[in-house]
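Read through the structure below, which is laid out as structure tokens, and then see the notes.
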Amino acid sequence: MKSEKHSGRQFNRLFESISIYRSRRRNLAEINHQNDRSQGEIDDLIHKKVVRQLHDGLSQTVSALAMRVNFARRLMDEDPLAAQEELKKVEDLARDTTREIRNLIFILQPTSLDGHNLTEALGLLVEKMDELFSLKIELEVDAVLVNQLPLTDQKVIYYLVEEAIGSARKRNGSNHLTVRLNEFDQHAAQLVIEDRADFSSQMEFPFQSNEMESIQEFSELISGSVRVLEGGTKIQILFPLSEWNKSEIQPES
């Protein structure tokens, strides 16, 4: 009888272990499926962003270059000095266009988080913005918080920061931003991007523009809510913190 009871207990433990293993495999499969879907949504938004930049930015800039070159060519005989001045403007515009193309290539590289966590990737983004546009960005990131976030959430946050920086840079030529990522409370985290420019009456506030639509779309991927603060010079994105403990979804050895 004792042997039968012992065997029964062993069978029950074995059955329980198998059930736990299957449950964790299902959870892992569900998480992988969710990650794949989230990555697909991220890719779709990046595609929209690039198309918008090509259509609204670079294509118009190239057209402007062609018009200025044509104008300078017609001025050469009539007013050589004016033609030289116009060619100087063409040169400046061409340099600006080159920087924008390099920035677009940077965005299109395989997600800039490859081989890096969010903290490192944002550091590289800050360096690139300084290199291309002399844009100074103060970065305050809670590394402990970053390590708790799923990779897909980190990617979304990266592109939220990139989008906000682009909005501030193109709207008013800002050269000083602050980016902060930390816990808001025990249930939520916050991403805050603030434009530190000294605004004049002629400058457009960066976060009251068409770019806000893209920021809203990226925020929805992490169930975030967007608030525009301080008259359009700051945005705050609140998003919930989810439980993410990989040890809980690994099968027992």
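Everything numeric here is computed off the predicted structure, so don't read it as measured data.
Leu139 and Phe184 sit in two unconnected hydrophobic clusters of ILVMFWY residues. Membership requires side-chain heavy atoms under 4.5 Å apart, directly or through other members. Connection of Met212 to Leu160 is established within a shared hydrophobic cluster, with ILVMFWY side chains joined at heavy-atom distances below 4.5 Å, either directly or through further cluster members. Grouping the Ile, Leu, Val, Met, Phe, Trp and Tyr side chains by contacts below 4.5 angstrom, directly or via other members, places Leu75 apart from Val90. If you chain together hydrophobic residues whose side chains sit under 4.5 Å apart, Tyr159 and Leu145 fall into the same group. A chain of hydrophobic side-chain contacts below 4.5 Å, direct or via other Ile, Leu, Val, Met, Phe, Trp or Tyr residues, connects Ile235 to Tyr158.
Within the 3.5 Å criterion, the main-chain N or O of Asn117 finds a donor-acceptor partner in the side chain of Glu120. In this structure a side-chain-to-backbone donor-acceptor pair under 3.5 Å is missing from Glu163 to Ile215.
The closest side-chain heavy-atom distance from His187 to Leu241 is not below 4.5 Å. In this structure, Thr178 and Arg196 have side chains that are in contact, with non-hydrogen atoms separated by less than 4.5 Å. Taking 4.5 Å as the limit, some side-chain heavy atom of Leu122 sits within range of a side-chain heavy atom of Val141. Contact of the Lys136 side chain with the Met129 side chain is not registered, since no non-hydrogen atoms from C-beta on lie closer than 4.5 Å. Counting heavy atoms from C-beta outward, Val179 and Val192 have side chains that stay 4.5 Å or more apart. In this structure the side chain of Leu151 reaches within 4.5 angstrom of the side chain of Lys155, judged on heavy atoms. At a threshold of 4.5 Å between non-hydrogen side-chain atoms, the residues Leu125 and Glu162 count as touching.
Here Arg95 pairs with Glu91 in a salt bridge; the nearest charged N to carboxylate O distance falls below 4.0 Å. Remark: Asp195 does not engage Lys234 in a salt bridge, criterion side-chain N to carboxylate O under 4.0 Å. Salt bridge annotation for Glu131-Lys128: present, with a cationic side-chain nitrogen under 4.0 angstrom from a carboxylate oxygen. Between Glu194 and Arg180 there is no salt bridge, since no side-chain nitrogen of the basic residue lies less than 4.0 Å from a carboxylate oxygen of the acidic one.
Atom CD of Glu140 sits about 10.5 Å away from atom CG of Leu181, to the nearest 0.5 Å. Rounded to the nearest 0.5 Å, atoms CG (Leu93) and CZ (Arg68) are 6.5 Å apart. The distance from the CG atom of Asp79 to the CD atom of Glu86 is 11.0 Å, given to the nearest 0.5 Å. Between the CD atom of Glu127 and the CD1 atom of Ile137 there is a distance of 11.0 Å, given to the nearest 0.5 Å.
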Criterion side chain to side chain contact (heavy atoms under 4.5 Å, CB included) on Gln236 and Glu230, from CA distance to verdict: CA-CA 11 Å; Gln236 178 193 51; Glu230 299 186 13; over 6 Å; no

Test log, rule salt bridge (Lys or Arg N to Asp or Glu O under 4.0 Å), inputs Arg99 and Asp96: CA-CA 5 Å; Arg99 284 192 288 266; Asp96 290 343; 2.3 Å; yes

Step-by-step side chain to side chain contact (heavy atoms under 4.5 Å, CB included) determination, Leu81 to Glu85: CA-CA 6 Å; Leu81 290 178; Glu85 184 62 30; over 6 Å; no

Test side chain to side chain contact (heavy atoms under 4.5 Å, CB included) applied to Leu135 and Asp130, step by step: CA-CA 5 Å; Leu135 177 57; Asp130 188 17; 6.0 Å; no

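In this structure, Ala72 and Leu87 approach most closely via the heavy-atom pair CB-CD2, 3.7 Å. Across Ser223 and Pro240, no two heavy atoms sit closer than the pair O-CD, 3.3 Å. Closest approach of Val226 to Ser219, counting heavy atoms only: CG2-OG, 3.2 Å. Between Ile157 and Leu118, the shortest heavy-atom distance links the atoms CG2-CD2, 3.8 Å. Between Phe133 and Glu100, the shortest heavy-atom contact is CE2-OE2, 3.8 Å. In terms of heavy atoms, Ile222 sits closest to Phe239 at O-CB, 3.6 Å.
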